[in-house]
Amino acid sequence: MEEKYLPKSIEEKWQGFWEANKSFKVTEDQSAKKYYLLEMFPYPSGRIHMGHVRNYSIGDVIARFKRMRGFNVLHPMGWDAFGMPAENAAIQNRSHPARWTHENIAYMRVQLKKMGFSYDWDRELATCDVEYYKWEQLIFLQMYKKGLAYKKTSFVNWCPRCGTVLANEQVEDGCCWRCDSVVRQKELEQWFFRITDYAEELLDYTFKLSGWPERVLTMQRNWIGKSYGCEIDFPLEEHLAKIRVFTTRQDTLFGATFMSLAAEHPMALDLATPDNRAQVEAFIEKVQKSDKARRSAEDFEKEGVFTGSYCINPVTNCRMPVYLANFVLMDYGTGAVMAVPAHDQRDFEFANKYGLPLRVVIRPEGESLDPGAMTAAFTTEGILVNSGRFDGLGNEEAKEIIADFLEKEGIGTKSVNYRLRDWGVSRQRYWGNPIPMIYCDLCGAVPVPEQELPVLLPMDVTFAGEGGNPLDKVDSFVTTTCPQCGEAARRETDTMDTFVQSSWYFLRYCSPDFAAGPLDRARSEYWMSVDQYIGGIEHAVLHLLYARFFTKVLRDLGYIGIDEPFSNLLTQGMVIKDGAKMSKSKGNVVDPDALIKRYGADTARLFSLFAAPPEKDLEWSDQGVDGSFRFLNRVWRLVFDTLPLLHRAATLDPENLNDEGKALRRNVHKTIRKVTEDIEERFHFNTAIAAIMELVNTIQAFEPKNDPQSAPVLKEAIEGIIRMLAPFVPHFAEEVWAGLGNTGGIDKAGWPACDAAATMDEELLIVVQVNGKLRGKVTVPACADEGTVKEKALADAKVLPFLEGKKVRKVIYIPGKLINIVVN
RNA sequence: GCCCGGGUGGCGGAAUUGGUAGACGCAAGGGACUUAAAAUCCCUCGGUCGCAAGGCUGUACCGGUUCGAUUCCGGUCCCGGGCACCA
């Protein structure tokens with residue numbers, strides 16, 4: 001052990017040691033308790049950023065802690081390697097997405113290794129490798145067979161100038177980010193996964209995932225959005241057809257005075273009367289031009305157009321004009337809304353704008369409601385009026401009664417509706433997993449036979465940045481023959497959404513080299529489910545919902561026997577600097593490489609864990625990093641200075657200590673208990689580190705006496721510190737541990753055990769309050785009963801003045817903590 | 001607009017089940033060591049009144065429950081994140 005703490009050489013040394021010994025390589029060991037720890041894998045964007053450092057530092061603490069506690073820990077790492085940025089970079093640099101991606105992976109792998117994260121690198125995978133994506137193609141085919149993958153038309157953002165589909169993030173203020181043309185909605189045939197088949201189960205399990213943050217579960221429940229209501233048919237005046245609506249407010253049916261349809265509604269054009277046809281067509285065109293993001297903006301002007309047709313309210317028999325309205329979405333319900341302007345704010349505004357009638361059917365209890373005087377819709381609970389035989393009912397109870405009535409009369413049916421929509425997985429992009437389908441003029445869409453997999457993504461492609469998917473132009477890829485009839489046919493050129501790859505990578509990690517299928521069932525069942533998953537809160541819905549869905553699909557395809565992929569979830573906050581999220585454009589980025597170079601990886605890890613608890617945002621502070629570095633230096637000196645004493649230390653005899661020794665030992669074991677709980681139960685690494693710092697301060701104040709028991713107590717204390725620090729600053733701990741004369745690595749030493757007997761206090765400090773205000777403190781023997789404490793508190797010199805001339809009404813005693821004297 | 005979080009010193013944060021508000025760290029100020037600087041060590045550090053002992057006050061704001069509220073309840077304001085106008 002050197003006199004001075006030199007992180008660079010220490011870190012290189014131990015990283016070499018771990019690599020040479022394959023310290024973190026694991027296999028399925030039935031005799032050991034398994035622990036699968038996973039952090040969300042990175043997109044290989046170029047370099048790691050502080051968010052990665054934080055995410056992976058949090059994970060590494062848990063991995064190393066569990067290892068020290070004797071678990072067989074699976075801790076893998078890989079790359080979410082397909083995606084748009086690679087393609088954009090290829091266009092910009094006139095290079096190839098594969099090259100860009102692999103270079104980035106190589107660089108970032110070095111960075112992660114420099115951080116000292118304890119991964120089993122033998123399991124590394126990249127989703128753009130054919131060994132990964134070919135199995136995904138197989139899964140797609142099996143989903144297709146079961147009807148879980150299907151094709152339907154839907155709308156995409158389309159740039160007419162580039163001739164390209166745009167992602168939402170490529171649309172800026174309704175215009176193409178590259179050429180600034182106005183983006184329009186284009187209808188396209190696309191592949192979908194039937195996630196809605198699993199809506200009920202996905203919802204159900206949100207009530208069983210006890211290891212997930214309630215916040216995330218709430219968001220997922222809201223996303224799935226189950227609601228109970230009715231489907232009601234409104235007959236058309238001049239047609240045989242009916243318009244079907246879904247509503248959760250059947251209690252307001254008597255107040256429905258007009259009908260609003262989505263512009264995309266299949267009946268929209270048919271309902272346009274000759275006089276109105278031109279306006280209706282113009283309106284549909286206009287809605288298609290407005291992009292989805294804008295359409296949902298707060299200040300979006302509610303607009304509509306009258307079709308010229310009328311339908312009939314089935315309970316009031318009133319004529320209801322049928323409008324198209326820009327705020328009605330085809331994706332939710334039936335794409336048609338019965339408009340109740342008196343009791344829905346949007347309908348109220350719409351009715352005002354187009355001079356449509358208002359009919360009050362609910363009034364506040366004990367009051368009446370004048371339709372002419374209303375300035376907003378009345379949307380709270382009340383009593384039904386103008387509703388025939390239902391008048392006088394409370395509107396909540398009326399929901400059930402009216403639903404029953406509608407069913408009996410054959411007007412409508414009770415219905416459950418979900419917000420969740422099927423998952424569109426088609427992407428008109430090159431850098432993704434090719435969807436294994438073939439189009440034949442005679443046979444239609446034909447799946448690629450399983451034995452012909454993989455459909456290789458061709459490498460000889462040029463990137464222009466316009467004119468659509470580059471894959472379309474690779475003749476050798478597109479041109480093929482129909483597997484069914486042998487005639488000339490075309491390959492599907494859509495690739496799969498990258499969320500598909502991230503929906504099952506955690507399963508592939510269990511058997512990454514398995515050559516006979518996507519996963520080796522025996523190995524997967526040993527490791528799954530993931531015991532602890534860690535990642536950013538931004539993935540609370542999409543990724544985490546898709547991964548849950550995919551796990552259930554793989555279960556139903558017979559690949560695995562579990563229902564849910566992640567038993568416990570930890571969502572971490574963002575890394576902030578100067579009050580904003582770190583980003584290149586804001587220029588407030590802290591480069592992990594520079595940090596490692598200056599302080600070493602251990603300091604970077606320590607600070608990112610100490611500055612805030614994981615789930616909170618972390619405000620970066622350069623001075624704070626200095627503080628963490630100073631702390632490590634202090635510990636280093638403490639060990640180095642006491643080394644000669646520690647080497648001579650006799651065996652510890654806990655029964656035979658002086659008061660100072662006992663006090664220090666009590667401190668050591670109380671700290672062990674706290675740090676263990678903070679890591680294991682709360683993931684509050686900041687307070688765990690603070691507790692270790694306090695113990696270091698205590699040890700520094702401890703003066704070893706010339707008695708035989710001082711050195712062993714000190715030795716136990718210092719060894720405890722080093723072992724507790726090991727998950728946080730592993731290189732540092734390994735070096736110091738070896739310096740203390742230990743061999744074989746600190747993992748083998750295990751996590752220190754708390755000796756409960758040593759934590760027992762001999763005396764307790766009792767806080768004395770008078771009328772709830774702190775007035776004094778008394779020290780009593782730990783065994784003192786209530787009477788003794790009370791006596792001592794009432795006699796305390798600092799308390800007495802507050803009792804003078806007053807009468808003691810009550811004394812409340814909280815054992816071992818506090819006594820409150822109530823006087824008046 | 002809807003949904004989900006959050007608001008504690010100059011700063012990051014602590015107070016885990018309603019029981020000492022401000023642990024730990026940073027910054028700042030003072031001191032020791034040094035020819036000097038760095039490093040290190042020691043002291044002070046919410047506000048306010050006081051020579052001091054100590055008092056009063058204080059966890060966004062207003063109110064409530066309680067012997068006791070940063071913590072629970074009702075209302076208000078502000079900040080952050082998410083969204084697919086959810087009928």
Side-chain angles (χ1 to χ4, degrees), chain A residues 168 213-219 221-223 225 227 229 245-249 252 256 260 292-293 295-300 302 325-329 331-340 343-347 417-421 537-538 540-542 573-574 576 579-581 606-607 610-613 615-628 630-631 633-634 637 674 677-678 681-682 684 686-694 696-697 700 765-777 798 801 809-814 816-824:
Chain A
N168 282 337
E214 200 48 48
R215 175 152 87 117
V216 174
L217 296 173
T218 306
M219 283 162 93
R221 276 175 213 137
N222 291 347
W223 192 265
S227 62
V245 305
F246 171 78
T247 181
T248 56
R249 293 301 308 273
T252 64
S260 303
K292 283 180 200 158
R295 209 166 149 188
S296 60
E298 182 184 332
D299 55 354
F300 195 77
K302 284 158 189 52
N326 61 357
F327 60 86
V328 178
L329 302 179
D331 295 318
Y332 185 77
T334 61
V337 179
M338 66 172 206
V340 186
H343 304 291
D344 181 284
Q345 186 57 27
R346 279 165 315 169
D347 296 341
N417 197 56
Y418 298 92
R419 292 190 342 136
L420 185 70
R421 309 197 303 246
I537 185 71
E538 66 271 22
V541 178
L542 292 178
M574 292 184 301
I576 303 284
K581 186 178 174 168
L606 188 65
F607 177 71
F610 178 59
E615 66 274 12
K616 281 192 115 172
D617 286 350
L618 185 156
E619 172 75 32
W620 192 263
S621 146
D622 292 332
Q623 290 99 337
V625 181
D626 271 329
S628 294
R630 275 204 291 269
F631 169 70
N633 277 287
R634 205 156 75 234
R637 277 195 307 275
K674 168 154 180 69
E677 283 172 4
D678 277 353
E681 291 163 27
R682 301 204 301 160
H684 276 207
N686 55 331
T687 52
I689 294 166
I692 297 172
M693 285 174 168
E694 281 183 83
V696 170
N697 293 343
Q700 272 181 329
L765 183 74
I766 306 290
V767 169
V768 186
Q769 294 182 337
V770 178
N771 287 345
K773 288 196 174 181
L774 176 69
R775 296 303 181 190
K777 292 169 187 176
K798 287 190 174 152
R809 293 277 162 197
K810 209 186 332 178
V811 177
I812 292 148
Y813 178 57
I814 308 297
K817 265 191 176 164
L818 171 144
I819 189 160
N820 187 14
I821 304 161
V822 185
V823 299
N824 65 356

- Message: Ignoring hydrogens and geometry beyond distance, is a side-chain donor-acceptor pair present between Thr687(A) and Asp678(A) at under 3.5 Å?
- Response: yes
Minimum-distance nucleotide (side-chain atoms of [X] versus [options]):
X	options	answer
Leu818(A)	C24(B), C83(B), U20(B)	U20(B)
Leu774(A)	G12(B), U20(B), C26(B)	U20(B)
Arg346(A)	U20(B), G12(B), C86(B)	C86(B)
Arg682(A)	A15(B), C85(B), G13(B)	A15(B)
Arg419(A)	C67(B), G55(B), C86(B)	C86(B)
Ile814(A)	C86(B), U40(B), G19(B)	G19(B)
Thr218(A)	C4(B), G12(B), G25(B)	C4(B)
Thr687(A)	A15(B), A87(B), G19(B)	A15(B)
Tyr332(A)	A23(B), C86(B), G12(B)	C86(B)
Ala690(A)	A87(B), C24(B), C3(B)	C24(B)

With sugar-phosphate meaning primed atoms plus P, OP1 and OP2, does [X] contact a base, only sugar-phosphate, or nothing at under 4.0 Å between heavy atoms?
X	value
Asp347(A)	nothing
Gln769(A)	base
Arg215(A)	sugar-phosphate
Arg249(A)	sugar-phosphate
Arg775(A)	sugar-phosphate
Asn820(A)	base
Val822(A)	sugar-phosphate
Gly225(A)	nothing
Asp617(A)	sugar-phosphate
Phe631(A)	nothing

Pairing partner of [N] (Watson-Crick or G-U wobble, both distances under 3.5 Å):
N	value
A21(B)	none
A28(B)	U44(B)
G80(B)	C4(B)

Nearest-angstrom distance, [atom1] atom, [N] to [M]:
N	M	atom1	value
U16(B)	U65(B)	P	25 Å
C78(B)	C85(B)	C1'	26 Å
U20(B)	U70(B)	P	10 Å
A69(B)	C62(B)	C1'	15 Å
C51(B)	G64(B)	C1'	43 Å
A37(B)	A32(B)	C1'	16 Å
G25(B)	U76(B)	C1'	35 Å
G1(B)	A15(B)	C1'	38 Å

- Query: Which heavy atom in Phe631(A) sits nearest to a heavy atom in Val696(A), and how many Å separate them?
  - Reply: CE1-CG2, 3.9 Å
Quick one: is [X] getting a side-chain N or O under 4.0 Å of the [N] phosphate, OP1 or OP2?
X	N	result
Asn697(A)	G25(B)	yes
Lys810(A)	C67(B)	yes
Lys674(A)	A23(B)	no
Arg630(A)	A27(B)	yes
Asn633(A)	U40(B)	no

- Message: Is it the case that the base of U20(B) and the side chain of Lys777(A) share a donor-acceptor contact (distance under 3.5 Å, atom types as modelled)?
- Response: yes
- Establish whether the base of U57(B) is bridged to the side chain of Lys773(A) by a donor-acceptor pair shorter than 3.5 Å. no
- Query: Pick one for G63(B): is it syn, with its angle within 90° of 0, or anti?
  - Reply: anti
- Query: Heavy-atom distance under 4.5 Å between the side chains of Lys777(A) and Ile766(A), does that happen here?
  - Reply: no
Just by distance, do the side chain of [X] and the backbone of [Y] share a donor-acceptor pair under 3.5 Å?
X	Y	result
Asn771(A)	Val823(A)	yes
Asn820(A)	Gly772(A)	yes
Asp344(A)	Asp347(A)	yes
Arg775(A)	Lys798(A)	no

- Are the charged groups of Glu214(A) and Arg221(A) less than 4.0 angstrom apart, N to O? yes
- Query: Atom CD of Glu615(A) and atom C1' of G81(B): how far apart are they, to the nearest Å?
  - Reply: 15 Å
- Message: Expressed as a whole number of angstroms, how long is the span from Asn222(A):CG to C85(B):C1'?
- Response: 15 Å
- Could you check Arg634(A) against Asn697(A) for side-chain contact (heavy atoms from CB on, under 4.5 Å), going step by step and ending with a plain yes or no? CA-CA 10 Å; Arg634(A) 205 156 75 234; Asn697(A) 293 343; 3.3 Å; yes
- Query: If each of Asn771(A) and Ala612(A) is mapped to the nucleotide of RNA chain B with the nearest heavy atom, which maps nearer the 5' terminus, i.e. the 5' end?
  - Reply: Ala612(A)
